[in-house]
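Side-chain atoms are counted along with the backbone in the values below, which use heavy atoms only and exclude waters and symmetry mates. Read the numbers this way: they start at 1 and go in the same order the structure lists the ligands and their atoms.
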Amino acid sequence: MTLQLFDSYSRTLRDFKPLEGNRVRIYACGPTVYDYAHIGNLRTYLFEDVLRRTLEFCGYEVYHVVNITDVGHLTSDADTGEDKIEKGSRRTGKSAWEIAEIYTEAFRSDICALNILEPHKWCRATDHIDEQVEYIRIIEEKGFTYRTSDGIYFDTSGLENYGYLARLDREGLSPGERVDIGEKRNPTDFALWKFSSPDEKRQMEWDSPWGVGFPGWHIECSAMATKYLGPMFDIHCGGKDHIPVHHTNEIAQSEVCHGTNLANFWLHGYFLETDQEKMAKSSGEFLRLQVLIDKGVDPLAFRFLCLMANYRADLKFSWESLASASRALDRLRNLYFSWRDGGECDPMFIEGFTRKICNDLNTAEALALTWEFCRSDISGETKKATLQNCDAVLGLSLQEWTPPTQIKIPEEVQRLVDSRRKAREQRDWLAADRIRDDLLELGYTVEDAAEGPLVSRITPSISENQD
Ligand code: AMP
Ligand code: ZN
């Protein structure tokens, strides 16, 4: 079956075929690590995870690279404003390097809780300054740069095709009619290298052929994607907000340096929206995964909610829809758990399911089909074997789930529970409390019910992440 994906560059649904053999090279724009990711950001990484899982399900060998933006992303897309990381440093009183480290780890913990597969390669912008300087040097050599008092800029007027991805109307953007563009020659020009301001000591800055400063945001992705995947690879993805500026500029840089538009397919995830400004990190108060967890929501219920919509449609977030996704997931888990092992996959269903996801990752229809299959009179064993197979794409960890009352308690935990019961029988409350703390550290809580101690696990995927 042919996988079809919607390519934002050509704006068409195209048959996917790797550029080389069976190997698929993917680059996804990663987080700017100045704060926690909000659940909108996470929706984009969930879409990219489904993409990767689908490619693997189709038998391709995927190599997946994600960058960590830890320098150069300014508060304004117009190359003005502050560096988000340095700003985060001022907000928290921690160093810029510490900020980047803290939020990188928090991000990794979030994606792990959502059962998003880790990329094969993480790359940090600050670890690739030489590559970025070299990339800018080539753009300069080809005559596409100019200097202003605050940096080295890319001259977009020299590129006939500039803005094709976003179908930009460049005529309509002539400088006179637009807001102040400072020393930029064209409104669409963008910074490749920014000079450190003489008035303020930056924490992150480097020497370069042009002066001390730091790289612009767009150059990091071109430089690192090229380093790890080559000048033309299979799929580049990110959120739809990247189309008009970030990805447009990555393409411009690549066209000048390598004569390619960087990737054969450009895929963009649509937004998760809330009623209020809950998704704006700059507002300081926003919805992150931990807020959901604190309300007792299983992170995989959020994954399920995202699967219920198509990645190419905006999704309105509401607590009601999250609760209903959570109930649906529980139903599916309980059904799955009730079926016996040892069955064989149903090829007819697998074919139907594959057809849905190969139609531009239509997870909504794939799930609808899955419910139909669950309701059918096919045997439980067959259903279980079949859904186990499909879960490679859905990533709901169906096989690992056990009903709360039937959790498998590891021996070590059981031993502690028994010795706590003995301590309580001997009225040694101090020892009993100490053991309760030991259990908590292992990720278990214990309650004393009439029929004996009741042991439960604290949100498993999260406690696993924290070690
Ligand atoms: P950032 O950390 O701001 O660089 O964004 C990380 C990723 O999240 C990028 O791919 C963005 O396009 C994406 N993104 C930002 N806001 C949203 C949103 N509300 N819904 C879905 N994706 C988003
Ligand atoms: Zn990027």
**Asked** Is any N or O atom of Phe271, backbone or side chain, closer than 3.5 Å to an N or O atom of ligand 1?
**Response** no
**Prompt:** Contact between Thr69 and ligand 1, counting heavy atoms under 4.0 Å?
**Reply:** no
**Request:** Check His242 against ligand 1 and report side chain, backbone, both or neither, counting heavy atoms closer than 4.0 Å.
**Result:** side chain
**Message:** Would you say that more than 12 heavy atoms from the other residues, nucleotides or ligands in this model lie under 6.0 Å from the CD of Glu20, or not?
**Reply:** no
**Asked** Does any N/O atom on His73 come nearer than 3.5 Å to any N/O atom on ligand 1?
**Response** no
**Item:** With Lys194 via salt bridge (charged side-chain N to carboxylate O under 4.0 Å, His left out) - residues at least two apart
**Value:** Asp150
**Request:** Can you sort out the partners of Glu131 under side-chain contact (heavy atoms from CB on, under 4.5 Å), two or more places apart, ordered by chain and number?
**Result:** His128, Ala223, Lys227
**Message:** I'd like to check which ligand 1 atoms, numbered from 1 as shown, lie under 4.0 Å from a non-hydrogen atom of Pro31.
**Reply:** 2 (O)
**Message:** Against ligand 1, does His268 come closer than 4.0 Å with any heavy atom?
**Reply:** no
**Message:** On the six-membered ring of Trp319, is Lys295 placed so that its NZ or CZ lies under 6.0 angstrom from the centre and within 45° of the ring axis?
**Reply:** yes
**Prompt:** How long is the gap from CH2 on Trp97 to OG on Ser95, to the nearest 0.5 Å?
**Reply:** 9.0 Å
**Message:** Below a 4.0 angstrom heavy-atom separation, can you tell me which part of Tyr270, side chain or backbone, both or neither, approaches ligand 1?
**Reply:** backbone
**Request:** Could you check whether the rings of Tyr27 and Phe233 sit parallel, tilted or perpendicular, using 30° and 60° as the cut-offs?
**Result:** tilted
**Fill in**
For Gly40, the atoms of ligand 1 under 4.0 Å from one of its heavy atoms are 17 (C), 18 (C), 19 (N), 20 (N), 21 (C), 22 (N), 23 (C)
**Prompt:** Among Ile85, Thr75, Asp70, Asp83, whose side chain to side chain contact (heavy atoms under 4.5 Å, CB included) with Tyr34 holds?
**Reply:** Ile85
**Request:** Could you tell me the angle subtended at the Zn ion (ligand 2) by SG of Cys221 and NE2 of His246, rounded to 10°?
**Result:** 110°
**Complete:** Short version for Asp241: what comes under 4.0 Å of ligand 1, heavy atoms counted, is side chain
**Prompt:** Tell me, do Phe107 and Leu42 make a side-chain contact under 4.5 Å, heavy atoms counted?
**Reply:** yes
**Request:** May I ask you to check whether Cys29 brings an N, O or S atom to under 2.8 Å from the Zn ion (ligand 2)?
**Result:** yes
**Message:** If you consider just the N/O/S atoms, which atom of Glu250 is the closest one to the Zn ion (ligand 2)?
**Reply:** OE2
**Fill in**
For Gly239, the ligand 1 atoms with a heavy-atom partner under 4.0 Å come out as 10 (O), 12 (O)
**Asked** Heavy atoms only: which of Asn41, Leu42, Leu272, Ile39 is nearest to atom 20 (N) of ligand 1?
**Response** Leu272
**Message:** Could you check whether Arg167 makes a cation-pi contact with Tyr164, meaning its NZ or CZ is under 6.0 Å from the centre of the six-membered ring and within 45° of the ring axis?
**Reply:** yes
**Asked** Using the ring of each side chain (for Trp, its six-membered ring), is His258 parallel, tilted or perpendicular to Tyr135, with breaks at 30° and 60°?
**Response** perpendicular
**Request:** For Thr44, counting its heavy atoms only, list the atoms of ligand 1 lying under 4.0 Å from any of them.
**Result:** 10 (O), 13 (C), 21 (C), 22 (N), 23 (C)
